[in-house]
Chemist: 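Here it is, the structure, as structure tokens.
Order of the sequence lines sets the chain letters (A, B, ...), proteins ahead of strands, with each chain counted from 1.
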Amino acid sequence: MSSPEPVRSTHFIRNIIQEDLQSGKHQEIVTRFPPEPNGYLHIGHAKSIFLNFGLVQEFTGHCFMRFDDTNPINEDEEYVQAILEDVHWLGFDWQDRLTHASDYFQRLYDFAEDLIQQGRAYVDSQSQESIREQRGTLTEPGTASPFRERSTAENLELFRRMKSGEFEDGAHVLRAKIDMVSPNINLRDPVIYRIRKVTHQRTGNKWCLYPMYDYTHCLSDALEGITHSLCTLEFEDHRPLYDWVLDQLDVPCHPRQIEFSRLNLQYTVLSKRRLIQLVEEGHVSDWDDPRMPTISGLRRRGYTPESLKLFAERIGISKAENNIYMSVLEDCIREDLHSKAPRAMAVLRPLKVVLLNCPEDQEEELDAPVHQQFPDRGRRPIPLSREIFIEEDDFDEDPPEGFHRLVPGGEVRLRNAYVIRCEEVIKDASGKVIELRCIYDPNTSRGRKPEGRKVKGIIHWVSAAHAVQAEIRLYDRLFSQPTPGSDYPDKNFLLDLNPNSMEILSQAWLEPNLINAEVGIAYQFERLGYFCLDSRDSKTDSLVFNRIVTLRDSWGGK
RNA sequence: UGGGGUGUAGCCAAGUGGUAAGGCAGCGGGUUUUGAUCCCGCCAUGCGCAGGUUCGAUCCCUGCCACCCCAACCA
């Protein structure tokens, strides 16, 4: 099966790597994908995964899968497993390069003692509040801590006692001694170690002292021999600190940090805080709710790894703020599935049609291609009998201009079958159309056009006696505003939740061949869109399909 | 008001001191038993604004403007 060839335009990071390879600065490149295991991965992470893992496939090199687990308070093994599954599903293999920042805790600690020995780090024994006040503001310089000039011996002793658990949380911290009046606030003696008497998901109770991100990340990169450390724009201000730490210590190499802009996708949210809130407050069923922009949600919804890769290629890599249309993502899955998906007919909102000239005991076995453009994929059986279902909105008593479907007295083609004419419209007491009586033209089977008339419309249908009932879940965007919350003073994104983001249709009818549908395969329900079995809720005797995305519809009417 | 970034079409995004790639969207037309797909064509005298240098500037220089990020013992 062919997947779409991604459009490859170059970007500044690829250019840098090419130059480094050509100049001989590096023989191969090493990257890393470093999530904190405190939430599920989302499509923004996918952008980073495709970048980091993709680059090393494109050039020679390898990529580390590294968990940045320096803050045991928020982290959890559940997230670790979910993240590994997601990265793997996207198509990447880290081989034996699965690491954790916590693997380096001892080495990091030793480096810290080294810093102290050099007089480049000190133990501060002030309260968190004092440290914050002394940091200064954006426009005012910071002031020195009274503990800044402690002796090396005292610093070392205190630091060792911090490690051995003699002090309570918050009693002391270790700070890098850099520059309290730097215009870059990150350089005003940043805290690099804090006491946290909590159990770490990997190291247990071995440590009660945990290193901070800025100190940990650069050293982990250096220890792994990372050549290019790719991160998002908000870390740009941290780069001087990244470089400072590595410059002080005897490390194997000095990776280059390069920043790119994070993904912003309209009609959804991509911040961990907000995604957690959606899950915890029950606005969605779970992390893998098919409306979620998480990788697991997209997977359950029916998105393919190939479609997400296409998306990553399309949006590109740059340093500019971006605001991607949701339609770009939707178009990627359409493009991928168009060639892959077997075709089927399904009626979501059924309207009964009786074919008057079809005897009650008549059953005709028609068939149709699995995929019209790929005849070698075979054919599927399509039974026809006297009673069929068509889509409710494929009939209109009072049609708008340009309506190509069925109208009273009019003709339409049943897809893969005959042309029918509507003879009679049956309504219930309230005036609602509940049944159509039609006659079919037996001389209009496959490949045969009706004589002397043009039939423009084609509608899908299923045989009532043969159809399989199923529940179908129609999904729409989770939020009704492109930038959720932006119109409210408190930026409350929940107020923009789309109340119609999921519609459940429990009376849908499927062509009988769909009884063989498999989880993980997307089907095109002709004229409607792409659908797949819900991996959680579908059962063999009660099928549940998710709508992945609609087909494009250039007809504005309805 | 300090520091760090970014501004190329509706949305992304290449690009170069020599006259603006590509994708998505949009528009027009063709094919079609999916109003899908597919095919063809159109779509920036313009690169945030104003000056300057130059034969020539989106690119170099100067000055502005707008937006984003930074004052966790988060990452």
Side-chain angles (χ1 to χ4, degrees), chain A residues 6-12 15 34-36 38 68-71 73-75 124 127-128 131-133 135-142 169-175 182-188 190-196 210 212-214 216-217 231-240 259 261 266 272-273 310 313-325 327-332 334-335 338-339 343 345 368 372-373 402-405 413-419 444 446-449 455-460 524-529 550-557:
Chain A
V7 177
R8 177 152 293 158
S9 77
T10 192
H11 53 70
F12 75 105
N15 293 344
E36 184 186 13
N38 67 346
D68 220 336
D69 55 351
T70 59
N71 188 356
I73 291 175
N74 309 311
E75 298 160 6
D124 198 341
S127 67
Q128 197 167 334
I131 291 177
R132 187 189 315 127
E133 284 162 17
R135 189 149 31 225
T137 67
L138 296 179
T139 53
E140 299 163 282
D169 289 13
H172 307 277
V173 292
L174 185 70
R175 290 229 254 170
S182 171
N184 181 344
I185 292 177
N186 295 302
L187 261 19
R188 317 237 263 232
V191 171
I192 57 176
Y193 266 96
R194 77 291 215 190
I195 299 171
R196 279 262 202 287
Y210 293 99
M212 302 284 289
Y213 166 83
D214 285 307
T216 308
H217 202 84
C231 63
T232 45
L233 249 29
E234 66 271 25
F235 293 103
E236 207 150 17
D237 285 345
H238 295 240
R239 184 161 17 104
E259 311 83 11
S261 56
Q266 293 190 346
K272 257 182 201 176
R273 197 205 103 232
L310 218 209
E313 295 282 352
R314 263 183 201 178
I315 61 177
I317 297 290
S318 74
K319 297 187 71 158
E321 285 291 317
N322 58 73
N323 198 216
I324 310 292
Y325 290 147
S327 60
V328 176
L329 213 211
E330 293 169 341
D331 198 66
C332 289
R334 283 192 192 103
E335 182 167 331
H338 172 260
S339 61
R343 309 286 120 128
M345 291 197 286
Q372 202 146 41
Q373 282 142 354
F403 189 76
H404 290 174
R405 286 105 97 150
R413 177 177 284 280
L414 295 181
R415 174 122 172 108
N416 299 311
Y418 304 97
V419 171
T444 56
R446 196 163 57 235
R448 288 198 287 170
K449 300 207 187 313
V455 175
K456 211 166 185 186
I458 300 163
I459 64 174
H460 57 276
Q524 188 197 90
F525 291 179
E526 291 183 295
R527 301 209 313 131
L528 295 175
T550 61
L551 251 34
R552 280 175 47 182
D553 182 7
S554 60
W555 191 62

Chemist: Can you see if the side chain of A/R552 gets near the phosphate of B/U34 - specifically, an N or O under 4.0 Å from OP1 or OP2?
Modeler: no
Chemist: So, do A/H11 and B/A13 meet the stacking rule of ring centres under 5.5 Å and planes under 30°?
Modeler: no
Chemist: Contact class for A/A417 vs. all strands (heavy atom < 4.0 Å): base, sugar-phosphate, or nothing?
Modeler: base
Chemist: Could you please name the option among B/G35, B/U1, B/A36 that lies closest to any side-chain atom of A/T139?
Modeler: B/U1
Chemist: With a non-hydrogen cut-off below 4.0 angstrom, is A/E236 in contact with a base, only sugar-phosphate, or nothing?
Modeler: sugar-phosphate
Chemist: Round to a whole Å and report the spacing from CZ of A/R188 to P of B/A72.
Modeler: 11 Å
Chemist: Does A/T70 put a side-chain nitrogen or oxygen below 4.0 Å from OP1 or OP2 of B/A75?
Modeler: yes
Chemist: Using a 4.0 Å heavy-atom cut-off across all strands, classify A/K456 as base, sugar-phosphate, or nothing.
Modeler: nothing
Chemist: Taking the nucleotide of RNA chain B with the nearest heavy atom to each, does A/N416 or A/N15 sit closer to the 5' end?
Modeler: A/N15
Chemist: Does OP1 or OP2 of B/C68 have a side-chain N or O of A/S261 closer than 4.0 Å?
Modeler: no
Chemist: When you compare the side chain of A/N184 with that of A/P240, does any pair of heavy atoms fall below 4.5 Å?
Modeler: yes
Chemist: Under 4.0 Å between any heavy atoms, over every strand shown, what does A/F403 touch: base, sugar-phosphate, or nothing? Just pick one.
Modeler: base
Chemist: Would you kindly check whether a donor in the side chain of A/E321 faces an acceptor in the base of B/U6, or vice versa, at under 3.5 angstrom?
Modeler: no
Chemist: Base, sugar-phosphate or nothing for A/F235? Non-hydrogen atoms, less than 4.0 Å.
Modeler: base
Chemist: Measure the distance from CG on A/D553 to P on B/U37 and round it to the nearest whole Å.
Modeler: 10 Å
Chemist: Are A/S327 and B/C24 close enough that a side-chain N or O sits under 4.0 Å from OP1 or OP2?
Modeler: no
Chemist: Does A/I195 reach a base, just sugar-phosphate, or nothing at all? Heavy atoms under 4.0 Å.
Modeler: nothing
Chemist: Any side-chain N or O of A/R135 less than 4.0 Å from the OP1 or OP2 oxygen of B/C73?
Modeler: yes
Chemist: Does B/G35 pair with anything, Watson-Crick or G-U wobble, both distances under 3.5 Å, and if so, with which nucleotide?
Modeler: none
Chemist: Mind checking if A/L551 touches a base, just sugar-phosphate, or nothing, with heavy atoms under 4.0 Å?
Modeler: base
Chemist: Between A/R334 and A/T550, is a side-chain contact (heavy atoms from CB on, under 4.5 Å) present by the stated rule, with each step listed?
Modeler: CA-CA 8 Å; A/R334 283 192 192 103; A/T550 61; 3.6 Å; yes
Chemist: If you look at every strand shown and take non-hydrogen atoms under 4.0 Å, does A/G142 touch a base, only sugar-phosphate, or nothing?
Modeler: nothing
Chemist: For the residue pair A/R314 and A/C332, establish whether any side-chain heavy-atom pair is separated by less than 4.5 Å.
Modeler: yes
Chemist: Think A/R194 has a side-chain N or O under 4.0 angstrom from the OP1 or OP2 of B/C74?
Modeler: yes
Chemist: Does the B/U34 base have a donor-acceptor partner in the side chain of A/Q524 within less than 3.5 Å?
Modeler: yes
Chemist: Which glycosidic conformation, syn or anti, is assigned to B/A72 if syn requires a torsion within 90° of zero?
Modeler: syn
Chemist: Measure the distance from CD1 on A/I185 to P on B/C73 and round it to the nearest whole Å.
Modeler: 12 Å
Chemist: Looking for any heavy atom pair under 4.0 Å, which part of the strands does A/M212 touch: base, sugar-phosphate only, or nothing?
Modeler: sugar-phosphate
Chemist: So if I apply the side chain to side chain donor-acceptor pair (under 3.5 Å) rule between A/H460 and each of A/R343, A/R527, A/E526, which one comes out positive?
Modeler: A/R527
Chemist: Do any side-chain nitrogens or oxygens of A/K272 fall under 4.0 Å of OP1 or OP2 in B/A75?
Modeler: no
Chemist: Counting only Watson-Crick or G-U wobble pairs whose two distances fall under 3.5 Å, which nucleotide matches B/U6?
Modeler: B/A66
Chemist: Look at the side chain of A/Q373 and decide which nucleotide, out of B/A36, B/C12, B/U34, has an atom nearest to it.
Modeler: B/A36
Chemist: Between B/G10, B/A71, B/U33, spot the one nearest the side chain of A/Y325, thanks.
Modeler: B/G10
Chemist: What is the base-pairing partner of B/C42, counting Watson-Crick and G-U wobble geometry with both distances under 3.5 Å?
Modeler: B/G26
Chemist: How close or far is atom P of B/C12 from atom NZ of A/K319, stated in whole angstroms?
Modeler: 18 Å
Chemist: For a side-chain contact (heavy atoms from CB on, under 4.5 Å) check, start with the C-alpha distance between A/D214 and A/I192, then their side-chain angles and the critical distance, and finish with the verdict.
Modeler: CA-CA 7 Å; A/D214 285 307; A/I192 57 176; 6.0 Å; no
Chemist: Can you tell me the Watson-Crick or wobble partner of B/U54, both distances under 3.5 angstrom?
Modeler: none
Chemist: With a centroid cutoff of 5.5 Å and a plane-angle limit of 30°, would you call A/Y213 stacked on B/A75?
Modeler: no
Chemist: Hey, which of these two, A/L528 or A/Q266, hits RNA chain B nearer its 5' end, going by closest nucleotide?
Modeler: A/Q266
Chemist: Does a side-chain N or O from A/R196 land closer than 4.0 Å to OP1 or OP2 of B/C74, or not?
Modeler: yes
Chemist: Separation of A/R314 atom CZ from B/C24 atom P, in whole Å?
Modeler: 5 Å
Chemist: Using a heavy-atom cut-off of 4.0 Å across all strands, would you classify A/S127 as base, sugar-phosphate, or nothing?
Modeler: base
Chemist: Spell out yes or no: do the side chain of A/R343 and the base of B/U34 have one donor N/O and one acceptor N/O closer than 3.5 Å?
Modeler: yes
Chemist: Taking any heavy-atom pair under 4.0 Å as a contact, classify A/V191: base, sugar-phosphate, or nothing.
Modeler: sugar-phosphate
Chemist: For B/C68 and A/N322 - does any side-chain N or O of the residue sit under 4.0 Å from the phosphate oxygens OP1/OP2?
Modeler: no
Chemist: Go ahead and name the base partner of B/A72; Watson-Crick or wobble counts if both distances stay under 3.5 Å, otherwise write none.
Modeler: none
Chemist: Is a donor-acceptor contact shorter than 3.5 angstrom present between the side chain of A/R239 and the base of B/G4?
Modeler: no
Chemist: Looking at B/G3, does its base get a donor-acceptor pair with the side chain of A/D237 below 3.5 Å?
Modeler: yes
Chemist: Over 60° means perpendicular and under 30° means parallel, so tell me whether A/Y213 and A/H238 are parallel, tilted or perpendicular.
Modeler: perpendicular
Chemist: Using atom P of each nucleotide, how far apart are B/G48 and B/C12 to the nearest Å?
Modeler: 15 Å
Chemist: Of the nucleotides B/A72, B/C11, B/A75, which one has an atom closest to the side chain of A/R132?
Modeler: B/A72
Chemist: Side chain of A/T10 only, heavy atoms from C-beta on: which candidate in B/U34, B/G23, B/G15 is closest?
Modeler: B/G15
Chemist: Rounding to an integer number of angstrom, what distance separates B/C43 and B/A50 when you compare their P atoms?
Modeler: 26 Å
